[in-house]
Number of protein chains: 2
Amino acid sequence: MHSQNEENYLKAIFKLSAEGPAVSTSALARELDVQAASVTDMVKKLAAKELIQYEKYQGVLLTAKGRLVAVNIIRKHRIWEVFLVDKLGFGWSEVHDIAEQLEHIHSEQLIDRLDDFLDHPSFDPHGGPIPDREGRLPQRQAEPLSALPVGSKAIVAGVKDDDRELLEYLEQKGLLIGARLRVLEHLTFDDSLVLETPSGKWSVSRKVADNLLVRPPAVE
Amino acid sequence: MHSQNEENYLKAIFKLSAEGPAVSTSALARELDVQAASVTDMVKKLAAKELIQYEKYQGVLLTAKGRLVAVNIIRKHRIWEVFLVDKLGFGWSEVHDIAEQLEHIHSEQLIDRLDDFLDHPSFDPHGGPIPDREGRLPQRQAEPLSALPVGSKAIVAGVKDDDRELLEYLEQKGLLIGARLRVLEHLTFDDSLVLETPSGKWSVSRKVADNLLVRPPAVE
DNA sequence: TTTTAATTTTAGTCTTGTCTAAATTTATTT
DNA sequence: AAATAAATTTAGACAAGACTAAAATTAAAA
Ligand SMILES: [Mn+2]
Ligand SMILES: [Mn+2]
Ligand SMILES: [Mn+2]
Ligand SMILES: [Mn+2]
């Protein structure tokens with residue numbers, strides 16, 4: 001079995017791998033909130049266990065083995081989040097920190113039975129795709145809101161980062177999953193957008209628009 | 001917040017306190033499966049945090065603060081066991097090890113909501129009383145089967161230790177919680193008992209009889 | 001292409017929790 | 001009461017993970 005720490009490193013490497021193949025020491029240090037020197041120590045240990053490939057000064061890459069561990073943690077995290085929201089009545093902004101702990105419970109049986117109990121959800125409360133036991137992620141045709149041209153309509157499909165503050169902000173603006181919206185304006189000055197939402201017109205910053213994932217409406 | 005380790009030490013001290021006031025280093029070492037020297041180191045740290053009283057060579061005692069931590073862990077452990085059996089369909093012999101992990105999830109909210117979801121159970125699947133938020137244990141009029149005289153009838157109320165093997169053994173003999181039984185014979189030679197159970201007549205050892213808790217029938 | 005700056009690694013420590021072996025204290029026998 | 005045995009504590013080490021400060025490497029500027 002792997003330690004919680006190893007699991008957190010692998011998960012962070014997986015997450016940062018989305019931005020490009022090799023993950024740098026400093027990016028990992030930022031993500032995990034530790035010093036770069038600590039990361040260097042730790043990636044050596046992970047490489048010794050063949051969970052990542054590590055070349056001095058060149059950053060790290062997950063091996064197939066490491067990727068599977070990471071994706072399994074994400075699977076657990078997201079299934080637990082569904083449980084917390086659907087069964088225990090937590091709000092979508094309240095569950096991430098608890099799931100950060102629950103994702104490290106070691107029992108395949110437990111997560112399989114929980115998955116049954118929840119009727120095999122494909123997405124978590126933030127629109128995050130839930131991998132299956134083999135590590136396959138369901139596809140979703142979602143793109144960042146910031147990629148939409150002015151005038152287009154869309155439906156909220158998820159958020160990139162389940163940051164508590166962002167989630168509370170979106171909830172307060174009625175921008176929950178499934179909410180309809182339209183892009184009214186685009187200010188080139190700061191790349192902010194003006195949106196029409198169920199609860200009125202709102203201006204959102206570029207950063208928010210980058211983190212809000214949407215899909216085309218009507219299609220299905 | 002306390003570490004998982006501290007929590008496990010406090011829980012073990014609480015458990016062993018039932019046999020008498022002061023808990024010895026060696027008893028703790030046996031219970032936690034570590035060396036006595038490790039226990040000595042650890043109890044010094046717990047005493048420094050005022051979770052226990054420790055006097056060299058005299059064993060340890062929980063403080064009120066330490067007792068509350070211990071009882072809270074037991075509360076979580078047992079509520080999770082109810083969840084695993086009642087909602088996820090695990091057998092009573094399968095849940096202890098998973099609950100050993102789940103009991104260390106830190107979130108008062110989580111356990112309160114789970115308690116709601118389960119309709120505030122008073123006992124876990126092994127008959128273990130579930131403490132309330134203030135650490136009060138529900139009373140139960142249960143005694144070890146070994147205390148019963150020959151001829152008496154009783155109802156299974158729980159087990160002292162949720163040891164997997166014992167639980168599977170009892171399940172196989174139909175001695176689940178609520179099962180009716182009668183003491184047919186007592187062999188003074190080895191203190192074993194012969195029982196009449198729903199599934200027939202069985203002989204059980206003294207050790208099993210000590211660990212099987214029963215309550216009088218008919219009374220409510 | 002040097003010089004400077006940023007990133008990354010090494011070296012040396014620290015904390016938590018464990019271990020073994022040796023020393024000390026307490027309990028049990030003679 | 002002295003001798004022996006059992007329980008407990010100390011001393012010294014070790015592994016996992018973290019830190020700071022300094023050295024080495026790579027990247028960016030001049
Ligand atoms: Mn999350
Ligand atoms: Mn999520
Ligand atoms: Mn248990
Ligand atoms: Mn139990």
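Throughout, protein chains are lettered first and strands after them, A, B, ... in sequence-line order, and every chain is numbered starting at 1.
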Here the distance between atom P of D:dT26 and atom CD of A:Glu55, to the nearest Å, is 11 Å

Atom NZ of B:Lys44 and atom C1' of D:dT10 are separated, to the nearest Å, by 7 Å

In whole angstroms, the gap separating C1' of C:dC19 from CG of B:Asp33 amounts to 13 Å

Taken to the nearest whole Å, CG/B:Leu32 to C1'/C:dC19 is 15 Å

Here the distance between atom P of D:dT26 and atom CD of A:Gln58, to the nearest Å, is 7 Å

note: B:Leu28, atom CG; D:dT8, atom P; distance rounded to Å ~ 10 Å

Notebook entry, point to check: Using a cut-off of 4.0 Å on non-hydrogen atoms, how would the nucleic acid contact of A:Ser26 be classed: base, sugar-phosphate, or nothing?
Noted result: sugar-phosphate

Q: Please determine, by modelled atom types, if B:Asn8 and B:His104 share a side-chain donor-acceptor pair under 3.5 angstrom.
A: yes

With the side chain defined as heavy atoms from C-beta on, B:Asp41 is closest, among C:dT18, C:dT10, D:dG17, to C:dT18

Can B:His106 and B:Gln4 be counted as having a side-chain donor-acceptor contact under 3.5 angstrom? no

Can you tell me if A:Ser24 touches the phosphate of C:dT7, counting only side-chain N or O atoms and a distance under 4.0 Å to OP1 or OP2?
no

Per atom distances to the A:Asn5 side chain, the nearest of D:dA18, D:dT9, C:dC19 is D:dA18

Check: If we ignore angles and hydrogens, is there a donor and acceptor under 3.5 Å between the side chains of B:Asp190 and B:Ser192?
Finding: yes

Whichever of B:Lys56 and A:Tyr9 has the more 5' nearest nucleotide on DNA chain D, that residue is B:Lys56

Between CE of A:Met42 and P of D:dA18 the distance, given in whole Å, is 6 Å

- Item | Distance below 4.0 Å between B:Thr25 side-chain N/O and D:dT9 OP1 or OP2 | yes

*Tell me whether the OP1 or OP2 atom of C:dC19 has a side-chain N or O from B:Ser38 closer than 4.0 Å.*
yes

Check: Across the strands shown, which category fits A:Thr40 at heavy-atom distances under 4.0 angstrom: base, sugar-phosphate, nothing?
Finding: base

Review point. Just by distance, with hydrogens left out, do A:His126 and A:Asp161 show a side-chain donor and acceptor under 3.5 Å apart?
Key: no

Ranking C:dC19, D:dT9, C:dT10 by distance to the side chain of B:Tyr54, first place goes to D:dT9

Assert: residue with more 5' nearest nucleotide on DNA chain D, out of A:Tyr57 and A:Val34, is A:Val34

Here the distance between atom C1' of C:dT9 and atom CD of A:Gln35, to the nearest Å, is 14 Å

Per nearest nucleotide of DNA chain C, the residue lying toward the 5' end, B:Lys45 or B:Ala37, is B:Lys45

Review point. Does a salt bridge link A:Arg75 with A:Asp112, judged by any charged N lying under 4.0 Å from a carboxylate O?
Key: yes

